[in-house]
Amino acid sequence: MKEISKQYDFKAKEPKIYAKWEKSGFFNPDNIKTEKRYSNILPPPNANGELHLGHASGYAVMDIFGRFERMNGKKVLLLPGKDHGGIQTQVVFERKIKEERGVTRHELGRERFYKECYEFSNGSSKYMRSQEKRIGISADWSREKFTLDPDVSRIALETFVKMHREELVYKGNRIINWCPRCGTALSDIEVIHKEREGKLYYIKYPIKDSKEFIIVATTRPETMLGDTAVAVNPKDKRYLSFIGQTIVLPLQEKEIPVIADRRIDMEFGTGAVKVTPAHDPLDWQIGKDHKLEEVQVIDEKAQITANGGKYEGLDVLEARSKILLDLDELGLLEKEEVLVNNVSACERCKTTIEPLISKQWFINVDAKKYSIKKKTLEAIKSGKLNIYPASLKKVMIQWLGNLQDWCISRQIWWGPQFPVWYKGEEIYVGLEAPKGEGWVQDENTFDAWFFSGQWPYTTLGYPDSKDYDEFYPTDMMIMGKDILFFWSARMLMLSLYRTGKIPFKNLYFTGLVRDKDGHKFSKSRGNGIDPLDMIDKFGADALRLSLVMDIAPGQDTRLYEEKIESFRNFITKLWNISKYCKQSDEKFVLVEKISKKDLKSLSDKWIISELEGVTKKVTDLIKEKNISLAQDALRRFTWDSFADWYIEINKLEKNTKVLGYVLDKILKLWHPFTPFITEEIYGILNNDEKLLMVAKWPKSENKFIDKEAENNFADLRELVGKIRNIRSSYHIDQAEQIEAFADRRIEKDIIERLARVRIETEGRPKIKMLQLSTRKRNFELNIAKLIDVAKEIAFMDKEIKILEGLIKKNESMLKNKRFVSGAPEEVVAAAKARLEEYEEKLKIQKELEKNLRRL
RNA sequence: GCGCGCUUAGCUCAAUGGCUAGAGCAUCUCGUUUACACCGAGAGGGUUGGGGGUUCGAGUCCCUCAGCGCGCACCA
């Protein structure tokens, strides 16, 4: 039989335990023979970096649910993968080659850049995979996927072809968000808005053949080079007479009309707006409706185009200052005002966005043949998808309601190219290049989210594969709430379109992991916690626990070393508990089943009753997706009830069978949370012949619930507590055994041991004694020790007052007819029971006080 | 502007409308023992952000105010 060593060396053990799991083959659901299944396609991290706390917390949650379901007899598939990451990876890789080799992607050329970026991603993936394993995730690595794997990307590309055939996608000129640094179009959600203090410039626009002006206000004067109208609200009396007149656009000397449009806010600025359809989303709309010319004056490098006349070639900011100078010279600059407004920036590189008109591929989200928007809204509203937390359902519905066409083409090089070929006026859309000479493929690459949005079924080999039939729709999807729109919404949209099914039954959002002060972890702040460092320092189990403590779905959580440390302490406790059990009796073994006959003493009955209760509670809480509370309840049982009370008592009245039974259940209940240490202990105690990972989850059995034992044990604890309290408040040395006398049958040995007293049961000594007693007088003893009578009386008076207050409260409740008839039966019964209990306690207290006064 | 979330012990968080509002960390006191000092025992610490309401009963539900955080839209 193996021994349990003095200390748990998690650093040495964890890799070995993981290797043992992998070798067992049970990460692969094919090796589990059952009809029931549970599937969770894991979110693929971008294959360009390192595992961070966000990943770690997500994996901890996914693995807890996965292991729970596996122990509940299901074939569990946790399918891992990596995302090629599109823009983000390209930005990272470009920076890398610039720093390391001093080259740009243009110097490498498209083909070579793609190839090297692919190799880079592959290398990072391997590294990340080794990190993911250290968290302990029980994923089926034999099924691991990459968004660019041929089988995966083929299915995703087919979706595009299908959409094209069914007219859900189109290529067209629209105003889009352009990142001049990345050199690509972006979708609306890849743009972040930052408040910045800027200036609002008031510029005089002269009316043709008149001395009058209209003053317009703008934050971006450089765009005036492309103005094709001035717009006012038709209700605005100030400008009624100007509508239809002509303005001579300053600097360009071009004639443009004054138009009326109800979208103009009369309150803002002067109420008159310069309209630049080529460089502002709202102006673009107005331009469309009024059939205005779209004059592009800013190009894709954020420089002024030839349409900008003498400003051509200037950077937008240079152009802005030059234009302001020129206007001032002409006397057309009325004034400047400070204004705080939102500036759009690229989510990845933070460069200011230029709105441009550009020819891009779009998904029509409200197409005639199939409205992605409507179908997705319907599915969410149908209630067939459980969302944790439920409040995010509303957010999703609101977002979908406002959804605009989705720009899916990018001008970056990293990622799959559009399956579209051109030859002159001809266009071909299909998976393979068309036969014949002279076809040129569309240069655009896909928005990476178009690929990851199809992840639930591309990974399973849609449409005709064993895995797809068996595991789709999946049971669970877990992600950070920061990618709610990016990912969960897109998965719902695309999966519903392609497969006709909601891709998952449960959608669980994790919150953000923050530092102790509630700040985001960031490199610039230097407050980052590297999960791998923490695993080295405290072990994977401790990190997992700290990541799921205090969490609720979608709620941010704070993490800091002391928190992880306190869970490392718990892990040590679990180890020591097991060590004690093993050492307590050479016959000690883990026990799967027990019968009532095996429960000898009060404490046996109590601990088993509590165990059954906690088993039910933990199981229910995990099913409700409330893993934080489940863990909390289990920890309290393990540390407080089992270690601090039952084991201490076990040192006196051994019941090795009960000990083995409780430990067996505890190891199983803890396994989803702390898989490594529980597997290690289970292995030692079973001579490595059994694997905890696939052990059966404990089932709570009502027959062991024993309320009477629980109450009696509570009384015992209360009495011991009272004695300890007295020792502490009178500074009685811990070494000193307090003399006591009891004339009733009580759990003498236990109380003597736990409270360090010596209890005489015969020959009551003739000295003054403090009397202690509990409810129903199950336990009563007298302490033969000099005490401060006045102090004790004061203490008892306080107790009596509290009890009287409680009695009054409960009495008035029970006298209230509306309470008795209106409240649930159990509540009324509980109130009655409480009242009796308090009355009895009060009676005892009063008696004790009377006795005390006689001293 | 619209929407969402949060506010409970010094800190981090719990508490199906119903038991004297609880844990962990931190603090203070003490420490003999067949696992554990990464430990054990005990103690202190609360007007549940303010105000109002509904209810037999409110930390919990409603209204309102304040503070913090987030999302969306607008931003000429």
Side-chain angles (χ1 to χ4, degrees), chain A residues 4 6-7 189 193 195 200-201 216-220 223 231 264-265 268-276 280 282-283 339-343 389 391-392 394-395 398-399 402 481-482 484-485 512 516 518 538 549-552 554-560 562-563 565-573 575-584 628-629 632 635-636 640 643-644 647-648 651 720-721 724-729 731-737 753-756 802-803 805-806 809-810 812-824 826-828 830-831 833-834 837-838:
Chain A
I4 295 182
K6 175 103 179 113
Q7 273 184 338
I189 53 173
H193 305 281
E195 266 198 354
L200 186 62
Y201 303 95
V216 298
T218 179
T219 52
R220 299 193 60 197
T223 61
I264 305 303
D265 179 359
F268 191 91
T270 60
V273 182
K274 57 189 274 315
V275 181
T276 324
D280 181 275
L282 180 64
D283 292 5
L339 175 80
V340 177
N341 71 332
N342 278 327
V343 180
S391 60
L392 290 182
K394 252 191 197 170
V395 176
Q398 189 195 352
W399 184 79
N402 291 330
K481 71 162 186 237
D482 52 330
L484 184 125
F485 304 131
L512 204 64
K516 193 169 186 174
F538 301 112
M549 180 207 187
D550 295 343
I551 61 156
Q555 211 65 49
D556 290 353
T557 177
R558 299 183 185 199
L559 188 74
Y560 35 91
E562 297 94 301
K563 204 160 160 178
E565 197 181 350
S566 73
F567 282 102
R568 187 272 321 266
N569 295 351
F570 174 74
I571 297 298
T572 309
K573 192 77 187 178
W575 185 259
N576 280 310
I577 287 172
S578 309
K579 187 161 52 143
Y580 170 80
C581 291
K582 180 82 173 63
Q583 288 171 4
S584 70
S628 176
L629 283 184
D632 194 54
R635 188 159 41 93
R636 233 172 279 180
D640 185 47
D644 290 343
I647 284 184
E648 287 309 315
K651 288 172 182 172
V720 170
R724 285 169 169 173
N725 193 332
I726 283 175
R727 181 189 294 279
S728 178
S729 58
H731 299 286
I732 301 169
D733 200 289
Q734 296 276 357
E736 187 184 330
Q737 280 199 330
R753 181 183 175 92
L754 295 181
R756 293 296 293 170
I802 291 171
L803 284 169
L806 289 169
K809 190 178 155 194
N810 281 284
S812 63
M813 264 164 85
L814 287 164
K815 269 184 203 152
N816 191 317
K817 277 183 195 139
R818 293 169 77 173
F819 169 71
V820 178
S821 58
E826 315 92 73
V827 175
V828 179
R834 266 201 313 278
E837 184 188 327
Y838 296 144

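Here is how names work: the chains are called A, B, and so on, in the same order as the sequence lines, proteins then strands, and each is numbered from 1. These numbers were taken from a predicted model, which means no experiment stands behind them. Basis for what follows: all heavy atoms, side chains included, without hydrogens, waters or symmetry-related copies.
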Close side-chain approach of A/W399 and A/I189, heavy atoms under 4.5 Å: yes
task: Describe the nucleic acid contact of A/I264 in one word from base, sugar-phosphate, nothing, applying a heavy-atom distance below 4.0 Å.
output: base
message: Tell me which nucleotide, if any, is Watson-Crick or G-U wobble paired with B/rG5 when both distances must be under 3.5 Å.
response: B/rC68
- prompt: To the side chain of A/D644, which of B/rG40, B/rC6, B/rC38 is closest?
  reply: B/rG40
message: Between A/R220 and A/D280, does any side-chain N to carboxylate O distance fall below 4.0 Å?
response: no
message: Taking only the P atom of each, what is the distance from B/rC65 to B/rA73 in whole angstrom?
response: 27 Å
message: Nearest 0.5 Å, please: how far is CE in A/M549 from CZ in A/F570?
response: 12.0 Å
- prompt: Quick one: on RNA chain B, does A/S391 or A/M813 contact a more 5' nucleotide (nearest heavy atom)?
  reply: A/S391
query: Is A/N569 near enough to B/rC39 that one of its side-chain N or O atoms lies under 4.0 angstrom from OP1 or OP2?
result: yes
- line: A/K481 atom NZ is separated from B/rG69 atom P, nearest whole Å, by 14 Å
message: Taking any heavy-atom pair under 4.0 Å as a contact, classify A/T219: base, sugar-phosphate, or nothing.
response: sugar-phosphate
query: At under 4.0 Å between heavy atoms, what does A/A830 touch on the DNA or RNA strands: base, sugar-phosphate, or nothing?
result: nothing
task: Please tell me which of A/Q555 and A/K563 maps to the more 5' nucleotide of RNA chain B, matching each residue to the nucleotide holding its nearest heavy atom.
output: A/Q555
task: Would you mind pulling out the nucleotide paired to B/rC28, Watson-Crick or G-U wobble, both distances under 3.5 Å?
output: B/rG42
- request: Could you measure between the two C1' atoms, the one in B/rU16 and the one in B/rG53, and give it in whole Å?
  value: 24 Å
message: For B/rA43 and A/N725 - does any side-chain N or O of the residue sit under 4.0 Å from the phosphate oxygens OP1/OP2?
response: yes
task: Indicate, with a heavy-atom threshold strictly under 4.0 Å, whether A/V827 touches base, sugar-phosphate, or nothing.
output: base
task: Determine the contact category for A/K817: base if any of its heavy atoms lies under 4.0 Å from a base atom, sugar-phosphate if only primed atoms, P, OP1 or OP2 are that close, otherwise nothing.
output: nothing
message: Could you tell me the Watson-Crick or G-U partner of B/rC19, where both distances fall under 3.5 Å? Say none if there is no partner.
response: none
field: Min side-chain heavy-atom separation A/I571-A/F538 under 4.5 Å
entry: no
task: Can you tell me the distance, in whole Å, between the CD1 atom of A/I577 and the P atom of B/rC36?
output: 13 Å
- request: Would you mind telling me which of B/rG40, B/rA14, B/rC38 lies closest to the side-chain atoms of A/Q7?
  value: B/rC38
- prompt: Got A/R724 and A/L754 here, is their nearest side-chain heavy-atom distance under 4.5 Å?
  reply: yes
- line: Out of B/rC4, B/rU20, B/rG18, minimum distance to the side chain of A/Y838 belongs to B/rU20
- prompt: Quick one: A/I732 CD1 to B/rC30 P, roughly how many Å, whole number?
  reply: 15 Å
d(CD1, A/I551; P, B/rG24) in whole Å: 20 Å
message: Could you tell me how far B/rA9 sits from B/rA43 if I compare only their C1' atoms? Round to whole Å.
response: 14 Å
- prompt: What nucleic acid atoms does A/L392 come within less than 4.0 Å of, heavy atoms only: base, sugar-phosphate, or nothing?
  reply: nothing
task: Grab the CD-C1' distance between A/E648 and B/rU33 for me, whole Å please.
output: 8 Å
- prompt: When the distance from CD of A/E826 to C1' of B/rC19 is rounded to whole Å, what number comes out?
  reply: 14 Å
Proximal nucleotide (of B/rU20, B/rA35, B/rC74) relative to the A/N342 side chain: B/rC74
Gap between atoms CZ and C1', on A/F570 and B/rC25 respectively (whole Å): 16 Å
message: Please classify the nucleic acid contact of A/D733 as base, sugar-phosphate, or nothing, using heavy-atom distances under 4.0 Å.
response: nothing
field: Short N-O contact, A/E565 and A/R568, less than 4.0 angstrom
entry: yes
query: How is A/R724 classified with respect to the nucleic acid when contacts are heavy atoms under 4.0 Å: base, sugar-phosphate, or nothing?
result: sugar-phosphate
query: So what does A/I571 touch, heavy atoms closer than 4.0 Å: a base, only the sugar-phosphate, or nothing?
result: nothing
message: Side-chain N or O of A/Y580 versus OP1/OP2 of B/rC36: is the shortest distance under 4.0 Å?
response: no
query: How is A/N402 classified with respect to the nucleic acid when contacts are heavy atoms under 4.0 Å: base, sugar-phosphate, or nothing?
result: sugar-phosphate
query: Can you check whether A/K6 has a side-chain N or O nearer than 4.0 Å to OP1 or OP2 of B/rC36?
result: yes
- line: Winner on side-chain proximity to A/R756, out of B/rU32, B/rC72, B/rA35, is B/rU32
From B/rU20, B/rG5, B/rA41, nucleotide with atom closest to A/L806 side chain: B/rU20
query: Picking from B/rC6, B/rC38, B/rC19, which would you name as closest to the side chain of A/R834?
result: B/rC19
message: I'd like to check A/K573 versus A/D644 (side-chain heavy atoms, cut-off strictly below 4.5 Å). Are they in contact?
response: yes
query: Just how far, in rounded Å, is P of B/rC38 from NZ of A/K579?
result: 13 Å
- request: Could you check which of B/rU12, B/rC72, B/rG24 has an atom nearest any side-chain atom of A/R635?
  value: B/rG24
message: Under a 4.0 Å threshold between the charged nitrogen and the carboxylate oxygen, would A/D283 count as salt-bridged to A/K274?
response: no
field: Presence of donor-acceptor pair under 3.5 Å, side chain of A/K573 and base of B/rC36
entry: yes
message: Need one value for A/A831: base, sugar-phosphate or nothing, where a base atom within 4.0 Å counts as base even if backbone is also close, heavy atoms only.
response: nothing
- prompt: With respect to the side chain of A/F485, which nucleotide from B/rC72, B/rA15, B/rC25 is positioned closest?
  reply: B/rC72
message: Say we look at B/rG46 and B/rG22: how far apart would their C1' atoms be, to the nearest angstrom?
response: 11 Å
- prompt: Taking the side chain of A/R636 as heavy atoms from C-beta outward, which of B/rU20, B/rA41, B/rG22 is closest to it?
  reply: B/rG22
field: CD on A/Q555 to CG on A/D550, rounded to 0.5 Å
entry: 11.0 Å
